[in-house]
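See below for the structure under consideration.
Excluded from the calculations below are hydrogen atoms, water molecules and symmetry mates; all remaining heavy atoms, backbone and side chain alike, are included.
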Amino acid sequence: MTEPLTRILYVEDDDDVRRLAALTLQAIGGFTVEACASGAEALQKAAGFAPQLLLLDVMMPGMDGPTTLERLRLLEATRATPAIFMTAKVQPQEVARYRALGSIDVISKPFDPMSLSAQVQDIWSRRDG
């Protein structure tokens, strides 16, 4: 049986999207969410937060999602933490690239805030299968 998901490190540069997603993940999903506005902020907070899941926007200024994941993989605390990318770029070859980078799945944007927690939970529950 898989361990219940409770702690998500969420990285999204758009303030409105970040607030909305974090709010719904907490209120509907019951998750503890550490919301970060940038890859750099995620790198600072990751070890202290000890997330079970990384939820990463792909396109961000400065350090994009794939680069953020690459850097998080260098930290002991997040070396093996499952990751999900969130992006509007969901063509099959793009999704294949994200999976090759180590993502267990991709959530397309724009996402439905009311079903985001269920999507995340579904991906979490089938990650080992």
Side-chain angles (χ1 to χ4, degrees):
M1 186 168 132
T2 60
E3 170 187 17
L5 175 61
T6 57
R7 302 170 66 76
I8 299 172
L9 181 73
Y10 175 48
V11 188
E12 166 64 62
D13 63 300
D14 183 298
D15 290 341
D16 293 334
V17 173
R18 186 176 62 255
R19 278 194 211 93
L20 178 63
L23 178 69
T24 60
L25 287 167
Q26 292 165 333
I28 296 172
F31 303 115
T32 300
V33 178
E34 181 67 58
C36 302
S38 68
E41 184 181 351
L43 290 171
Q44 291 172 349
K45 294 184 173 180
F49 182 65
Q52 293 171 282
L53 179 69
L54 307 170
L55 190 55
L56 307 168
D57 182 22
V58 169
M59 294 187 302
M60 297 185 288
M63 192 185 314
D64 67 3
T67 304
T68 300
L69 180 58
E70 189 179 293
R71 302 264 173 87
L72 286 166
R73 291 288 182 243
L74 299 175
L75 302 176
E76 185 62 39
T78 49
R79 182 163 291 135
T81 306
I84 299 171
F85 282 123
M86 294 181 74
T87 182
K89 295 184 174 238
V90 290
Q91 295 300 318
Q93 69 273 17
E94 292 162 330
V95 171
R97 178 178 161 254
Y98 303 140
R99 288 183 186 274
L101 292 170
S103 175
I104 57 171
D105 211 336
V106 176
I107 293 175
S108 64
K109 289 168 106 176
F111 59 88
D112 174 9
M114 300 310 289
S115 64
L116 179 61
S117 292
Q119 267 186 291
V120 168
Q121 190 63 58
D122 179 58
I123 293 166
W124 176 260
S125 65
R126 59 185 164 80
R127 74 191 187 286
D128 295 324

Which heavy atom of [X] sits nearest a heavy atom of [Y], and at what distance?
{"X": "Val11", "Y": "Gly39", "result": "CG1-N, 3.9 Å"}
{"X": "Lys89", "Y": "Tyr98", "result": "O-CE1, 3.4 Å"}
{"X": "Asp105", "Y": "Arg99", "result": "OD1-NH2, 3.2 Å"}
{"X": "Thr87", "Y": "Val90", "result": "O-CG1, 3.5 Å"}
{"X": "Cys36", "Y": "Ala42", "result": "SG-CA, 3.7 Å"}
{"X": "Leu69", "Y": "Gly102", "result": "CD2-C, 4.3 Å"}

With the 4.5 Å side-chain cut-off for hydrophobic clustering, are [X] and [Y] part of the same group?
{"X": "Leu5", "Y": "Leu9", "result": "no"}
{"X": "Val120", "Y": "Ile104", "result": "yes"}
{"X": "Leu20", "Y": "Leu116", "result": "no"}

Do Asp14 and Arg18 sit within salt-bridge range, that is, some charged N less than 4.0 Å from a carboxylate O?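 Not counted as a salt bridge, because no side-chain N and carboxylate O are separated by less than 4.0 Å.
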Yes or no on salt bridge (Lys or Arg N to Asp or Glu O under 4.0 Å) for Arg79 and Glu76, after CA distance, side-chain angles and deciding distance? CA-CA 5 Å; Arg79 182 163 291 135; Glu76 185 62 39; 2.5 Å; yes
Checking Val17 against Phe111 for the side-chain contact (heavy atoms from CB on, under 4.5 Å) test, could you report, in this order, the C-alpha distance in whole Å, the side-chain angles of both residues, the deciding distance, and whether it holds? CA-CA 10 Å; Val17 173; Phe111 59 88; 3.8 Å; yes
Among Ile123, Ile8, Val106, find the residue that satisfies the side chain to side chain contact (heavy atoms under 4.5 Å, CB included) test when tested with Ile84.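 Going through Ile123, Ile8, Val106 one by one, the side chain to side chain contact (heavy atoms under 4.5 Å, CB included) with Ile84 is satisfied by Ile123 alone.
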Kindly list each side-chain donor-acceptor pair under 3.5 angstrom involving residues 45-63, sequence neighbours excluded, with atom names and distances?
residue: Lys45; atom: NZ; partner: Glu34; partner atom: OE2; Å: 3.2
residue: Lys45; atom: NZ; partner: Glu41; partner atom: OE2; Å: 2.8
residue: Gln52; atom: OE1; partner: Thr6; partner atom: N; Å: 2.6
residue: Gln52; atom: OE1; partner: Thr6; partner atom: OG1; Å: 2.8
residue: Gln52; atom: OE1; partner: Arg7; partner atom: N; Å: 2.9
residue: Gln52; atom: NE2; partner: Glu3; partner atom: OE2; Å: 3.2
residue: Gln52; atom: NE2; partner: Pro4; partner atom: O; Å: 3.1
residue: Asp57; atom: OD1; partner: Lys109; partner atom: NZ; Å: 2.9

Decide yes or no for Thr81 and Leu72: does some side-chain heavy atom of the first lie under 4.5 Å from some side-chain heavy atom of the second?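 No, their side chains stay 4.5 Å or more apart.
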Can a donor-acceptor pair be found, under 3.5 Å and without considering hydrogens, that links the side chain of Arg127 to the backbone of Trp124?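 Indeed, once roles are kept as given, a pair shorter than 3.5 Å links the two residues.
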